[in-house]
Structure formats: structure tokens, C-alpha cells
Amino acid sequence: MSNDNQLSLFDESSFNQKDLIPTDSKIPIPAETYPQMADLAQHCHICQRCELGKTRTHAVVGRGNLQATIMIIGEAPGQQEDETGLPFVGKSGQLLDKILASVELNPDQDVYICNIVKCRPPENRVPTTDEMAACKPYLLEQIRLVDPKIILLTGATAVKAITGDKRQITKIRGQWLEWSGRLCMPIFHPSYLLRNPAKDKGSPKWLMWQDIQAVRKKFDEIRNY
């Protein structure tokens, strides 16, 4: 067989590895696979890399500024997110927007918000290890495309999925961590704050106020650098 014939067997017109990404979690997603977020979103909307693709209404890719300084990463979409295709739009999302506004951070301009997995787990259960592994390459591409200077990890699941740290969120919240050359801070998930509404000193809401002020301070330092 000639070299030309051998090469023709792998002609991109007949076989394109990238086209297979949404079909199987075993197919890798190398860095720089997607030139822009719209291309990534297109794959997410047809993705079947895990079982969650069979039960979703919409894939939930992200919202906010695609060039934001701050990226906020949650766990997974809930019912309202699944219905709308947007992350953090339910009660937790409304509280998150209020938290950001309390330090004059604009959800549309200053942050980009997404989740570890793009499809809602049944009954809002915690995503499985396999589900997170199947979706994480999409998330890594989102981080590359947005290129945030600060990443806020909301809740223990997000912290574990990104950094591998298995400590309780109460032990590590508010601490600056370095991951892949980026500043990360674990924070309470807004849903946890909704379940713990007290505002007295030392309460989760009081601690979140300390954390978001530290984030605002770091945001100003980076912006003015």
C-alpha cells in the first residue's frame, strides 16, 4: 500500500476524533480543542459521555463574562437550571448574585459561572466520580477559554473535583489555594447558606461575608496591578 493510500485512511473528512468527543468518555479532550465557548457548548448540548445525558432537559454550560477575572464553579445543575439551561438561577443562584452584589461584583461583567457537570443528576444527587470525570475535560477547556485569575469553588464537591482536596468545606473555606497557577478559594455553596440562615458572628453567612470581602480585595489588587 502506498503512503498516499495509507494517509487517506485517516483523512479528516472521513474520520475526525473531535466529532466523537460527545459520544464516549474514553475519548480525550486535549487542551485547545475548542477555539471558543460556542464550539464547546455545541458539544455539551449533544453530549452522551455519561448517563446524565439521557435524562437532561438542557445541558447547562455557563453564564457571565467570557473574559471574567473571577470564575465560580458549582457542583451540578438543579431543576430550574435544567429547565432554563443556565447555572445558578434558582434560590441558590439568587443568593449568589446578592452575595456578589454586596461587594459590588456584577454577575454579568465580573464573573463567569459554571458547574463541574453540565447535566442535572436525578433528584439533585451528588454527581458520581465517573460523571465528574466524563465532564471535567469540558470544564478544563472552559477555564482555559475564560482564563480567570481567581476561581471560587462552591462546596466540597467542586473543591474535590478540581484540586483533589477531600477535606470538609468548613476546614478549608476562605483559604487561598494555588491550582495550575491560579488562585482558588473554597467557599460555602449558597444552598448551604439557605439551610443555615443565622447571621451571628461565626455563622456560615457571617463567614461568607468575610470570604467575599477577601475576594473583592484580591480582585482589586489584580485589576490595579
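Because only heavy atoms are used, hydrogens play no part in the values below, and waters and symmetry mates are left out as well, while side chains stay in.
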Legend entry - Donor-acceptor contact present, side-chain W179 to main-chain I162, <3.5 Å: yes
Legend entry - Close side-chain approach of I70 and P148, heavy atoms under 4.5 Å: no
Legend entry - Over 12 non-hydrogen atoms of neighbours within 6.0 angstrom of CD in Q67: no
Inset, instruction - Count the heavy atoms of every other residue, nucleotide or ligand shown that sit under 6.0 Å from CD of Q42, and state whether that count exceeds 12. - result: no
Legend entry - Residues, nucleotides or ligands: over 12 heavy atoms within 6.0 Å of E104 CD: no
Inset, instruction - Return the minimal non-hydrogen interatomic distance between E75 and N115, and the atom names on each side. - result: N-OD1, 3.3 Å
Legend entry - Heavy-atom donor-acceptor pair, E141 side chain to E32 backbone, under 3.5 Å: yes
Legend entry - Heavy atoms of other groups near K91 NZ, more than 12 under 6.0 Å: no
Inset, instruction - Before accepting this row, confirm whether a basic side-chain N of the pair K217/D220 lies closer than 4.0 Å to the acidic partner's carboxylate O. - result: no
Inset, instruction - Hey, can you tell me if Y34 and Y138 have their rings parallel, tilted or perpendicular (30° and 60° cut-offs)? - result: tilted
Inset, instruction - Give a yes or no on this: more than 12 heavy atoms of other residues, nucleotides or ligands lie within 6.0 Å of atom CD of Q213. - result: yes
Inset, instruction - Any chance you could lay out the side chain to side chain contact (heavy atoms under 4.5 Å, CB included) test for E131 and R125, step after step, and finish with the verdict? - result: CA-CA 12 Å; E131 289 162 357; R125 62 164 172 73; 2.7 Å; yes
Inset, instruction - Following the transitive rule for hydrophobic clusters with a side-chain heavy-atom cut-off under 4.5 Å over Ile, Leu, Val, Met, Phe, Trp and Tyr, establish whether I116 and L177 coincide in one cluster. - result: no
Inset, instruction - Could you please spell out the steps behind the side chain to side chain contact (heavy atoms under 4.5 Å, CB included) verdict for R120 and T57? - result: CA-CA 8 Å; R120 180 195 180 194; T57 303; over 6 Å; no
Legend entry - Side-chain heavy atoms of K218 within contact of K149, under 4.5 Å: no
Inset, instruction - Could you tell me whether a side-chain N or O of Q79 sits under 3.5 Å from a main-chain N or O of G90, the two making a donor and an acceptor? - result: no
Legend entry - Residue that, paired with L52, satisfies side chain to side chain contact (heavy atoms under 4.5 Å, CB included) out of C47, P77, P122, C135: P122
Inset, instruction - For the pair H189 (side chain) and T154 (backbone), establish whether a donor and an acceptor sit closer than 3.5 Å, ignoring hydrogens and angles. - result: no
